[in-house]
Each structure stands twice: as C-alpha cells, then as structure tokens.
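Just so you know, these numbers come straight off a predicted model, no measurement behind them. Chain letters run A, B, ... following the sequence lines, proteins first, then strands; residues in each count from 1.
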Amino acid sequence: MTQTIREVVVAQDQGRPEVLLSVRGLDVRFGGRRDVHAVRGLDLDISAGQCVAIVGESGSGKSVTARTLVGLAGPGAVVSAKRFQIGDVDARRLSERAWRKIRGRSIGLVLQDAQNSLDPLRPVRREVGEVLIRHQLVPRRQLARTVDQALSDVGFPDPQVRGGQYPHQLSGGLRQRALIAAALAGGPKLIVADEPTTALDVTIQAQILELLRSKCEAGTALLLISHDLAVVSSIADRVLVMKDGVVVESGTTTQVLEDPQHDYTTRLLRAIPSASTRGHRLSADAAPEAEATPVARDHGLPVARDRGSVVLCAQAVHKSFELPGHRRLVAVDGVSVSVKAGQKLGVVGESGSGKSTLARILLGLQAPDTGAVQVLGTDWGTAGREHRHEIRRAVQFVSQDPLGSFDPRYTVEEVISEPLRSVSSAQLRAERVREVLALTRLSPDLLAALPRKLSGGQRQRVSIARALALRPSVLICDEPVSALDVSIQAQILDLLDDLNHRTGTSLVFISHDLSVVHHLVDDVVVMEAGRVVESGPVTQVFADPQHAYTRRLIAAAPKPAHDLRAA
Amino acid sequence: MTAVSIPSGGLFAAHLPRWIRGIRPTLVLSLLVLAVAASAAIAPGLWTHTDPLHADPLAARQPPSLAHLAGTDIQGRDVLTRIVYGARFSLLIGLGATLVALGLGAILGIVAGVGPRWADQLVTRLVDVVAAFPEVLLALLMIALSGRGAINLALALGVAGLPKYARTIRATVQQTRCAGYVEQATTFGASRWQRLVRHVLPNALGPLPVMVTIGFGGAIISSSGLSFLGLGPQPPAAEWGLMLAESRNYLRQTWWTGVFPGVALTAVVMAATVLGRHLQERYERRLP
Amino acid sequence: SSNGGAAGAQAAGSASPVQGGTLYWGVETALPTVNPHLNGQDKATPILRNVFDSYLYRQESGEYAPWLASSYDVSSDGTTVTLTLRSAVTFSDGQPFNADAVIANFTKLTSKGYLSSIPSGLQFLTSFAKLADDKVQFTLSKPDTLFLLYLSTPASTPLSPASLTKAQTVLESGGPEVAGIGPFVITAFTPKSELDLARRPDYAWAPQALAGGEKAAYLDKVIYRTFVEGSTRTGALQQDQVQVASDIQPLDVASFSKGSGFAYEREYVGGLPYSLYLNVSKAPFDDVRVRKAFIKGFDLAPIIQSIYAGAFDQAKAPISTKGPFADPSSLSGYAVDIDAANKLLDEAGWTQRNADGLRSKDGKVLTVRAVSSSDFVRESRDQLNIAIAAALKQNVGIDYQFQIVDSGTESVRAKANDYEIFDNSYGGADPGVGLDLLYSSDPTRGFIARGKYHNPDLDALLDKGRFTNDLAARKETYKDLQKLVTDNFYVLPLYQTQDNLASVSRVGGITIDPAPGQPFGASRVWLAQ
Amino acid sequence: MTTTVETAVSPLAVPLAGERRSGHGALAFLVARRVLAGVLVLWAAITATFLAIQLAPGDTVSLLLGENRDDPVLRAQTIERWGLNQPLWVQYLTYLRRIPSGDLGISYTLRQPVAHLIAINAGPTFTLAAVAAAGAIVIAILGALIVTSPVHWLRPLVSGYELIMVSAPSFWLAIVLLWLFSFELGWFSIVKQGSWQALVLPAASLALPIGAYLSQLLVSGIDRAMEQPFIITTRARGSSLLAARIQHALRHAALPALHMLGLIVGSLLGGAVIVEQVFGRVGLGQLLVDAVKVKDMPLILGVTLVTTAVFVAASTVVDILGTLIDPRTKGNLR
Ligand SMILES: Nc1ncnc2c1ncn2[C@@H]1O[C@H](COP(=O)(O)OP(=O)(O)OP(=O)(O)O)[C@@H](O)[C@H]1O
Ligand SMILES: Nc1ncnc2c1ncn2[C@@H]1O[C@H](COP(=O)(O)OP(=O)(O)OP(=O)(O)O)[C@@H](O)[C@H]1O
Ligand SMILES: [Mg+2]
Ligand SMILES: [Mg+2]
C-alpha cells in the first residue's frame, strides 16, 4: 500500500464525522461529435455515516457524477473541478495508478445496471474477491473466508456454495447483493450506489434498502442515486436534485421534499403516483380540451361497447410450462377475471407470479391448457381462423418494451398504420393515424422519424397510438411505465387515464408498482404464484388487504418518510 | 483544472466541417478500389484497348515500361490488360460463390428457422455434413463431377460457404421469430405468413449485406487458392488467381507478372473487407 | 549428342571422389510406388536405377551390353533369347541371383493380376525356361526387338524371390522390404514424397560400359525429396538444402550458369519428342489441307524461345534426336507459310470469319481442341499450347483450345472421340515403344494412337521397325516412317524432351546414362567435404 | 456480448430429449450423443463422397489400367481383383462394413492399405495443424492486446498488417515466407521432414492469416466487452485497464474466436494442401488432391473419413471448451 492510500485511510479521527468527499464546481463534458455538458458546477460533501441522495430525471447527469467520483467518467470526458478532495487527497492531480489505489479501497461503486455489472463469465465470489486481490487486502489463504464473510454480510444465502454460481444463475436481488458485497469488500468509507433498486421487485427492493441503511448506520457514507423519491425520502439525510447536469436544489431531505424551492423539484414530487393522487393529473400537461378529440369516423372499424357490458373475460384459465427435466411450472393457475367496457383493471404481483402469462392468454397469443377466454362473447379457442383475426382487433397490447415491439425498419407512421392494413383506403388510414396521434398527443412531425430516435416517453406514446388505431375494446398494458422515469411515467399514466375516459376503452394494467396501480385503476387483482389471491376495488383492497400476501406486498412498498404531496 | 483525458479528434479536425470529419479515408479508398474493379469488370474497354489474349512471343517477359505499364508475361501478353480483364472473372467468381452460398444458405436457414422441428433437424444435419467437408475436398469432388472452370469453381465455393450463411440465418430467423414486434403483429390479426413476410424475413436478413461483402472477399481468396491447385478457370483465361498461379514459378525472373495481379486481388479483398466492416458497424449501431 | 556432358565433374574441380556423406536430391517426380515392375514413369527410371540393376545395359548406339547377364544370345530368327547370368551376385537381402530367381521374376511378371498393364516388351513373350543355374531362355512369337529393350529397363529388373512372395500390398508398393540388386538399398519410402536410400557396401556389378565399372557407391545416403513446385526446387538448391535438383524450370536455368557456383547440365531424352498428334478420323483434320494449314500457320521457333528461354529446344524430327533414329529432313515440308496456310483453309471451305476473326464453315467455327489430362501438363506445356493458339488465331483464324481436364474426363473424351488433337511425349531409350503406342492401328498395340491414323503403310513400317534386331535396317525403316507421318501432316513435333539437373559445386560424378539420356542414379556421385 | 454468445451456434447440437444429467455422467452422456451425431455426419459424408465419385466421369477400370496396354483379359483381371464386378451397393456396403475394423481398403494407385497411408500422412498434417493453431492463438491474442491497447499509434499498424494477412492469397504468403526465410536468409531448411526447421515456415504460413483473422474477431469482441458495465465495475474495484482487458474482456471475446478456430482447424486440410505443395511436405492434403485427380476411391473415402472425423472432433472439443469459458452455453452443448 502506498502513501496515498494510507493518507486516506488513516485520516479518520474520532469525534466529529470527517468529510470523506468534498467537491466544488465539478464539471464534466463529453467532447466528440456532439458536445455534451453532462455535469455543471456540482458541489457535494459527504461525511462518514451520512447518506446523500441525488435525484433527477433520466439523463440529468447522475450516473456521470457517480462515475466521475471514482475517476471513471468515461472515454472522451473532460473533467474539471475547483475542488475535488477524497479524504486528504486532491483527486484532481491523481495519476491513473493512484486512482486505482482509491477505487474499491476508499470508494466503492455499485453501478446502475445490476444485470450487466457482474462479469457473466465469472462466479460471483471471484468478483467479490477481485477487490481484495487488487489491493492485497488479505493473504491468499484467507481470501475464500473473507469473500464468504463479505457475501454473508450483505445477506447472501449460503455463500460457500452459491457464491460459486454465475450471475445468470442468480436472481436479480442476489445479483444486486453480490454487487454491493463486492463494493463493500475492500472496506471503503464511501459507497456510491447508482440506482441500486430499480429493476427490482418491491419486496427485494425493501431488503436492499434495509441493507444499505444498516451500512450507513454502521458508519459507511452512502451516495445514493435514484429517481425514486419515495426511496430517497426513506433513507437519505441530504438530497440533491439535478436537472440537465445542474443541481437545482439541495438540502436536507426534509427541506427538499417538504418545502421544495425549485419549480422542477415540485414537478418531480407531483409526478409521483400514490393512493392520494387518484383522480388527479400527475404531469404538468394540461388536460386535453374536449374539442381536441376528433370526431371518430367509421373506418370500418368496430366501435367500443356500452359501458358496463363484459368485453373480455377469462374463466378458470390454467397454463403450465414444461421445464427441463420433466418438471412443470404452473404459471397461471385457475385464474378468472372479467373486464367490463370502460373498466380499468389492475393486475399486481411479484415477479414471476404469472402476470405476463395471463396477459398473453387474454390476448390470445397463448392458448390456456384449460379454461376459456371470451372476447366480446366469442371464445378464442372455438373461433375460426378468420374470426380470430377479426376479434384480435378488439384486444390490443402495450408492452413494457415499446422499442422491441416496433419493427426496427419502420418509421413512426408505418408503425402506427401497420394494424390498419385491413382498412382499404389510404386516405382513411392516414386520417386514422392522425386521429390517434392527436389522442396520444404526439406531434405529426414525428411521423417520419425512426422510433429508436425517440425518447422513452414518445416511444410509449407511439406504442399506445398504434394499439388504439384499431379502436380496441380493451387495452392490455404489461408494465407500460416501469421502464420510464417518474416524470415521463406521469405523462403516460395521465394519457391512459384520459383515453379511458374519452374513448371508453377498457384497460388491463399490469404492474408490480403498487402505487401506480393504486393511482390509476378501478379494480385490482393480486396474483401470487399463478393464483389470484385477492381482488376487488383498488381502494378497498389496499386499504384493507385480506390476504397475507397482499399485506406483505403493501408493507414492502417504499413508504415515503415525508409527505411528498405537501407542496 | 485537470484534464482527465483529451477529447479525441485533435485540434486539427475541429476546424473541418462535420461531414468531412465523418469521412473515413480507408472507407473512401475502399469504395474507390471497388468502383475501379467493378468498372473494369463491366467495361474493361474503358481501361485498356488491347486484347488480354493477344500474345506476342517477341515481346515476352518485358518489365514494366511505358508501352506495358505492368510489363508482359511469358506469352508476351500485356499484364495490365489481363489484370483489367481479369477483374470480371475474379469478381464474378467471388460474387457468384457468395450468391450461391447465400441463396442456398438462406433457403436452408429460413426453412430451418421457420419450419417445423423435423425440418430444422434435417437441415441442421445436412448443413453439418456440408460443413464437415473441407472446402478443398468439396471443390475437388465437385470439379471431378462437373469439370474445371469458373462456373464450377464458383459453385463449389458456394456450396462450401453455405453452412456459414445457413447457420447465421437460421439463428437470426429464430431470434426474430420471437421478437416483440412479430408477436405484436399477431395482435393486429396478421397471419403467420404475413408475419413471416412482413417482419421476420426482412429483419432476419438484415445482416446479409454485411455477410455478403465480407464473404465476397473470402470467396475471392479461396478461389485463388483453388486456382493455384489448378481447379479454377483454365488458361488462357485472364483471371487473377490463375495469373498468380501461372506466374508463381517465374517470380524471380518476372516479378511483375505475379506482383501486380496479387496487388489487385489483395486490394479488392481488402476493400471488400473494409467496406464489410463498415457496414457491420453501421448495422450494429442500428440495433436497439 | 547435346550440350552438358560431365559438367558435374568439372564443377567439383579436379578433386578426386570422396567417400561418404548424405545427399539430398530434389525432384519433381512423385513416386506412387517404388516397385520397378509397376512404376511406369519415365522420370522414375533415374531414381529406381539406384536400387534395381537390369539384365542388359543399352548403349547409346542402340546395342546392348552385359550387365546382370554376363552375355546374351539372340537366335538368328530373333525369337529365342538366352541370357547367361553373372555369377556371385546377390540380392540386397542376401538371396542369390540365379536362373531360379529370374524364372520366379518372370513367373510373377506374367502372372494374372500383378501388372496393371502389359509392357510392350512382354507382348510377344510366349515362354521362358531355366537351361542351367546361370542360363535362362526366352521364346518369343515374333522377333521383337523391344524384348531386349525390356530386359534393359527397370521394368524387368529382378527382385529377390523372397520379396516376390511378400504380401501383395508390400510387394506392389515396394520399399525397404522389396530387395533388388543395386548400389543402394531403400531404407524408407513415403509415397509421393520421399525415398531414402543407403549404400550397399558389397555392391560390385555396375555395367562395364559405364565409367568406373563395378564399384560400390560413394555416398552413404541419398534422399530423394519430391518438390512439385519448380521454384521450391531451385530455391532449396541455391541454399544447399538439396545438393542436386532435377527438372530445373526454364527461366531458372540462367541462375545456374557458369560462374554461379552451380553446375547445370541437360541431356535430350530418347523416344518421341513432345508432339501434337492430329486426329484424322473426323472433321476438320480428316482434311489434309486443314492439317497442313494448322502446322504451317505459325512460327514455332519464337514461341519456344519465349516460353523456354533457350532451356528447351524445338523438336527437330518426329523421333527424338537422342539415339540413332531421328530424321530431321522429314520436317522440311513444315516450314512456316502463313499465306499458304490461309489459302489452304480457304480452299478447304473455311472461308467465313466471325467477329473474333475465327474461320468458320456452314456456321461452324474452325475449332480444334486438345484434351489433356492435368497429370501430364508439365514443362509449361499449357503455356506453349496457349501461345500456339494465340498465334494460330492471329495468323490463320483457327480456334485452337488447349483443354486441361482430370484424367477421368480425359478418358471419357478419348473414348467418345471428342477431341481433335492429342498431345504426348514418350520417353525411353528406343523410339519403337512409343511409335507402336502412338501410331499403330492394331488395337493390341496402338493404345494411345489418338490420331486414329489407320494407315496400312504406316502399320507395315511399324512392324518392319519392330520385328528385327538389325539396327541399320531399323534406321532406314524409321526414316521412311518419319517421312510418311510428316508427308501426311499427322504430327507436329514441338520440343525435344530432355532431363536436366543442377547441383552445388561440392557435388561431383553425376553420370548420364546416354541411351535414355537420364542420370544414371547416384551411384557415381560424390560429395566434397 | 450476449448476442454473440447466443448466435455462436454449435455446429453439431443434437437436441436432448432426455432429462438433464449432472456432473461427469452428464458430460459422458453429452460426449456419447456427440459421438453418435458425429458418426451420422461421417456416414453422410462417406455416402456423399461415394456417390460423387461414382457420378464423376471416367470409369475406374480405365484409370486402374492406366493409359497403356488395355486388353480384355487384363481388364477382366483388374475388375475382379478390385471387386469392381459387384453391384455398386454391394461395394458400398462392403466398404461400410469394413470401416469399424480399421480396414479402409487398398489404394488403387499407391497399392498400399489406405489405413497405413493415412497413418503415415496424418502425422505430419496434424502436427502442422496443431502447431499452426497454437501459433495462431498466440498471434491472435498478442495482436488483439496490442490493437486494443492504449498505445494508439500501434493500432493502425497492427490492424493494417492483419488486414493484409487476411486479404492476401494464402499460397502467396507461403511462397514469400519460403523465399525470404528459407531461400534468402537460409534460416529454416525445409528438406528434412519431421525436423522443427521444416515445420516453422509451413506452420507460419497457416498461422499468420488465421491468427490475424482471429485477432480481428478478438478485437471486436474485446471492444464490445470493454463497453459493458462490468468493466467499469471491475475498474471501480481498482483493476487496471490492462487487467480488465485480459481478465475480463478477453474471455468474452474468446468464445466466438474459439468457435471460429474450431471450424478453421476442422478444415485446415484445405490450407494444408497448398502449404504441403509449396513446401513439398508429405501430408493428407496432397494425398487427397492426388487421389481425387486419379479417382482413387478407397483413398478418397479414407481421407474424407479422417478429415470429417477431425472436423467433428474439433467442433466437439470446441463446444466443451466453450462451456469452460462461458458457463451460459452449457445449454447449447447437447
Ligand atoms: N461516455 C459518454 N459520452 C458522451 N455522453 C455521455 C457519456 N456518458 C453519459 N453521457 C451523457 O451525459 C448525460 C448524463 O447521463 P447520465 O447517464 O449521467 O444520466 P442519468 O442521470 O444517470 O440518467 P438515468 O436516470 O437514465 O440513468 C446524458 O445526456 C448522456 O447522454
Ligand atoms: N414460454 C415459457 N416457458 C417456460 N416458462 C415460462 C414461459 N413463459 C413464462 N414462464 C414462466 O412462468 C412464470 C410466470 O411468468 P410471467 O412472465 O407471467 O411472470 P410475471 O408475473 O409477468 O413476472 P415479471 O414481473 O417478472 O414480468 C415464470 O416463472 C416464468 O419463468
Ligand atoms: Mg444513470
Ligand atoms: Mg412480466
């Protein structure tokens, strides 16, 4: 170990919490083709045991900040700062060699993308051991023991055995734990955790947050990056709100969340869906004027049914899959649901509980092993081939991954008009495309664009527009907002609500996010391991959950420590 | 202020307009080489007015001079003229082999990719058998069957190259078949066939231009190897591989008869490879 | 007879022969088998000579001298040949060489299924018998002079009786287990690639007629390595990786010129030169005017010069100028006359010309095709023919195509009479074998008479030349024969075939066997230092 | 990276209907299945070759007789001796039946048992292939590490060299190497077969282009892997760029390169023909070319058998090695 490290490590004296990281006026630019000024004049201080959170919408520079703090801003990045002190070291003058001594030893980094942040070709224990080897923290003999210890510290079950598994053999939660274990193994005083709980299921998310919180209490400083204000409010001491690379607001968590000064913070807070936001708009978008709705013309397309009649219903559907080794996995186990015209039905449940499979069965993409699904009174199973194609149009689908659902060769116009091939007249088709564009509040300028050039929110709108083109009776949305950040999510949720109101299209809304469901739907179905464990009006189910599983789910959802709607 | 690293491009490039900065000299050069080769193949008369078969024993083995820019060969034929006319043969063999490989490979790959399980099995096995034959053995057998010559050479190389295409296309077809947009098309009421034609095939065959460009260079190289073994076009044809093979024993006395065709061949293959890689990069960048 | 001579000895200066050493000899020839009875390659003879001596030694004059037979006697009618065997000769496996061994060999040679083709020499052999322990008598149905020739080639060489009883595959492929009588023994054989020889110390039976006589070899080991690529042989020789290289390519010859530190020598080989035989059985060569126009329509000399750069010479007669039989005057009617050729073609009705300037008649282009099996395309023959084709096209508008095919296709095309020209060279010490094969209309003799001449006068001359041992008479006969085939424009001799080799200066004693014009093995070769 | 792994289609994947086994049993089972599939491929290759030779012009008897003395008696003898009087299917079945006992018949032209001929020719070819493959791997890894290294001026140099290597005709390279290093500089004599000197240049002429090609594959693999988040993670633990490249990225790039190497080694015979001819080496390639030229059927079939067997073996080995490199591909190994 060299001088540099010792300075950093030894600098901890008793008494007042030492400042581990102090940054003033941090600037990060990316040169090259388009000049990106990713971080502008960021100030940041973290002392031991403290948890500082950075929030902000996608692209605001959070991850760049995190990477810059360990000297890995990326190729082509130009970093400058008025002050950049890691412990006693002036990081502005560090050589690459010196940086290597700091990384993992003084600062641990947990990257945003847990799926890909572990080398898929190495057992996780080697990844955890790597930091120990690099910094020669333990003798070879003790390496295995130390790694097992590090893994069990983060609640990794049975580290001796499961530590030998490869990332693809582990669940998302375990992977995230292993990643955190690796970040902690070198004993850093500061952990930078970039969106450590996104992509995770509520229950697992709660466990990871608990883990981080306990580390913090044990004296490790935490820089938490998240776009989820509920998460932040439950753990952070201080919050920085970033927008377009600039910290627009910072202060203690209470200050920022309860008395936001900046307009942007207010908007961010307002965009968070919850029980209390039911019936309110989340986004800043104004509600569309009534006359903005074009008079729907008959293009030879079916018209939505009267409110109240059952448009889609599944009766005791059952679906199992064959797994290798003659095992069968029951994905959907005797589920019955029915959707009335104009109804908004939510489906919640943990990952793997069969939500998507149910959606596919309702869509007629997958035939149930037993049970039947009726669309507008016609059975999927018994309908003839021609008739099936007809009734398919009554049920449309919006997926979590809009981009993947677009043919990569198609422009927005082609994507939206694809379902309309059956409409003979080109003029009528163009008219219908314009109608749905207006409905989804997309600019006609986008028609010629390729979907992959659009923002996430725009893509999801295009996906919804396409689904609406056939004037379906039911729109089945499988996690339509889970890939979007809060503000965009707010817009999409508002849009779906509007559409439901104005066109009378029923919604089947699948989500693992209880607050979103709570915000949007009328009725909810709770699924566990393929079964419906509870169902009813959403307010009733969430207010008074009957089933233990529902209660567990609700308990695990992050509870804001602050009243986020106060502003 | 600490510059952690320097923006790429350098000072110099910064002053040029963006579209010029975007041009890569190797790519331009490659396109130029291919264009010249293609024009020679299509209209050799543009580049030379002599007959590639015109022999003049009295002017044999002359080193490069103004009269014969690339010298003359052992028969007294103008080497440059033969290189120009050779472009047609060589490019056609390369292209022919690639198209045969691609055509057969695509059909097999698509059948395996979309067909029933047994068809997939059958095709996979068939392709394994073809792949298990070394290229030379296949070419030898096919040429033993049907005789020497440019067309048979292209056919043999095509068959030998088929497994690569068949396997890739099978894999991409199977991948695209499960893509979100194909499933989505089902919900609009598109039939199996419509999905196949509208979505699966166009997308699965997306990497083909890349494969063709890179395969083209490879086919030219392979064909020159088989020409070396005497399995290619027969003399007196002007074909680069054959010219190389014919000159290989005179290299020390008449280096120009071998070096110039070799340079032409290598340049075209390099150009095709560079272009192929460029296309590949563009293709990969386009992927979501 | 030609340039060359004892260049090897000169290169090694006046130094006297040195005993011992290992010599690498690079050759083009790939040996599929080293059983001398079965290997029919001309080019194998100089290699096999190291291991297999013959009964008789043929001299350049065409006469035969004793070798393993101490004397021979031909009856006056020429149908009985008696060999008296040299005494105290042993095979390399220690078995004695005697009449029984000779009988065993001829029994094997005439047995069913051993030979894959019957050599000319055995064609008229009717019986053979042991007269005494050292005497064997052969009876022929005709006074075939080729029988004596046969007794002087490796094709009849005696193998030890023990070898003859070896397993079929062992015997047929030859190699260390097949013993003969010669200055070397085979120690290893890799088909088509390498033949390793070791000196036989007790060897003492070389033919008297050859300089040095009865001595054992100088070298301890000789290793023949096949390099198909001519430039590889040249390069390996220049680096002294091989000390002798055969079949030097024409253009490389200059690098071994005087003062280069290498010795180069070449020798014409006997038999028939490389020639084009015109298929007279079908149009267009059934018309003598077209044949004549073909032959007179271009100037061969500059073409030979440009392709071979002086390393090969234009053929001077239908029979090799090596040996006593060539008649250069027979080619006097072959002088180039392009105008005459054009006129002849006009007369023959090939008056139309197509866009390429090629003649045609009734819409059929005047195309003549040679179909050559790729195995036989060597010595830049493809280049030579292409140059001829170019000249013919330019001069007289004949479309000559030299088609190289695999041997299977060649045999099919030959059988279907689907060719107009047959190209061939036939080596050997006596032209009789080749003449029979290439001109005879007798189906048991003219197997490669692809000109399909069916000319009774020609057949009569062939018989007359073959069934006599009288050299002077044969000379006369072959003179008439050469005149006949050239008067009829049956054949166009192109270049005189030859053997050549180059060696590093350390090598001395390279000896040419004058009758076939090929190196007499490596038995007299020595390596300085 | 993941896409590459997924599309690295194993050439001989046989679907596994039975249950998944574990440990050594599973490997043995997989190997057994692979062997079975391999036998199937061999059989098909033999059959196809047999048919192709039958369909090729020229009858075997004429070829056996050569072009000299063809007469009815000899012809009959020859036909009988080589069993050509039997119907084709009998000849075919007889051949197949003899294979398991190692009897591959007797070469028409070389008059030796084919098994023996293969035995003496396969050694040099396999040595050549093995040394070339090893050389190619070393060249590829070195090249890839240089190209991806931060020493920027080296990158265009090495990639340029690689581009030329993969774009130049292979026999050209062989001839140039031979002339330069054996005939001009005299470093490696090529005449003593079996000596290491005689192996260096032939192996280099095969290894250089293959190495360059693999290196290009590795480079694109490494470049792609270096963009993956786990590289930032490992660097955030204090790994140097070089360590990240060697210990993480190289391995990711290795899988497609390995598969390609398997294919190349399995068909190295093609390259070997040319190298064997230029360097005058004994070997299977030259044996095969000569055999096909004269329609020496037992020899052709014998060499086909060996080369396809090598191909099958190579792809099996590659797949097994592949699972060591990337445990995710275990599912592919069926
Ligand atoms: N290596 C890079 N080169 C160029 N631009 C970059 C690079 N890395 C990030 N950026 C840009 O910097 C900006 C900030 O990106 P950053 O990843 O920090 O956003 P974020 O706040 O983490 O967003 P998210 O919530 O989506 O993770 C973006 O505009 C991004 O495109
Ligand atoms: N085609 C299939 N073959 C085998 N198993 C499948 C298949 N499709 C789904 N499953 C399994 O069925 C179960 C239910 O999957 P499903 O996708 O419906 O869950 P989900 O509730 O949507 O989960 P998530 O929230 O992660 O999307 C899972 O265990 C999944 O692995
Ligand atoms: Mg981020
Ligand atoms: Mg799901």
Side-chain angles (χ1 to χ4, degrees), chain B residues 117 121 124-147 160 163-164 167-168 170-172 175 217-218 220-222 224-229 231 240-241 244-245 248 251-252 258 262 265-274 277 280 284 287, chain D residues 3 6-9 11-15 37-38 40-42 44-45 48-49 52-53 55-58 156 163-164 166-172 175 179 209 216 220 224 263 266-274 277-278 285 288-289 291-293 295 300 303-304 307-312 315:
Chain B
R117 222 183 142 86
Q121 285 292 306
T124 311
R125 220 80 343 224
L126 185 76
V127 168
D128 282 348
V129 173
V130 177
F133 277 93
E135 196 173 67
V136 169
L137 176 55
L138 252 184
L140 276 167
L141 286 177
M142 294 198 52
I143 281 155
L145 256 177
S146 50
K164 212 171 34 203
R167 285 187 184 141
T168 313
R170 171 179 173 270
T172 52
Q175 231 167 15
I220 292 185
I221 288 286
S222 299
S224 76
L226 293 172
S227 273
F228 172 87
L229 296 174
L231 301 175
W240 295 342
L244 284 177
R248 68 180 189 264
L251 272 188
R252 288 185 321 139
L265 192 147
T266 309
V268 166
V269 176
M270 279 171 77
T273 313
V274 169
R277 288 224 208 102
Q280 178 159 28
E284 277 175 6
L287 292 178
Chain D
T3 43
E6 279 159 11
T7 50
V9 192
L12 283 164
V14 182
L40 208 73
V41 169
L42 289 185
T49 311
I53 304 168
L55 291 173
L163 191 57
I164 291 177
V166 299
S167 303
S170 45
F171 63 89
W172 222 229
I175 288 175
W179 270 102
Q216 291 179 339
S220 63
R224 228 173 305 158
L263 290 181
S267 55
L268 251 188
L269 187 88
V273 177
I274 288 171
Q277 181 161 338
V278 169
L288 175 69
V289 172
V292 174
K293 275 188 190 158
K295 270 186 81 176
I300 300 174
V303 179
T304 306
T307 54
T308 36
V310 169
F311 180 85
V312 168
S315 49

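Chosen from D/Ala45, D/Ala44, D/Ser220, the residue pairing most often with chain B at heavy-atom distances under 4.5 Å is D/Ala45. Considering only heavy-atom pairs separated by less than 4.5 Å from chain B, the leading option among D/Val166, D/Leu42, D/Ile164, D/Thr304 is D/Thr304. Looking only at heavy-atom pairs under 4.5 Å with chain D, the residue among B/Val269, B/Val268, B/Leu226 that has the most is B/Val269. Ranked by heavy-atom pairs under 4.5 Å with chain B, the list D/Val292, D/Ile300, D/Val289 is led by D/Val292.
With a 4.5 angstrom heavy-atom cutoff, D/Ile175 touches chain B only via side-chain atoms. Interface remark: B/Thr273 contributes side-chain atoms only to the contact with chain D (heavy atom separation under 4.5 Å). With a threshold of 4.5 angstrom between heavy atoms, B/Leu137 approaches chain D through its backbone and through its side chain. At a 4.5 Å heavy-atom cutoff, the contact between B/Leu251 and chain D is made by side-chain atoms alone. Of the two parts of D/Ala48, only the side chain, counted from C-beta on, holds a non-hydrogen atom closer than 4.5 Å to a non-hydrogen atom of chain B.
With a 4.5 Å cut-off on side-chain heavy atoms, D/Phe171 and B/Leu229 do not count as touching. Under the 4.5 Å side-chain criterion, counting only non-hydrogen atoms from C-beta, D/Pro169 is in contact with B/Thr266.
Within the model, atoms CH2 of D/Trp172 and CD1 of B/Ile221 stand 12.0 Å from one another, a figure rounded to the nearest 0.5 Å. Annotation: the span from D/Leu40 atom CG to B/Asp128 atom CG amounts to 9.5 Å, rounded to 0.5 Å.
Scanning all heavy atoms of the two residues, the minimum distance from D/Val41 to B/Ala132 falls at CG1-CB, 3.7 Å.
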Evaluate D/Val278 against B/Phe228 for side-chain contact (heavy atoms from CB on, under 4.5 Å), listing each step before the verdict. CA-CA 10 Å; D/Val278 169; B/Phe228 172 87; 3.6 Å; yes

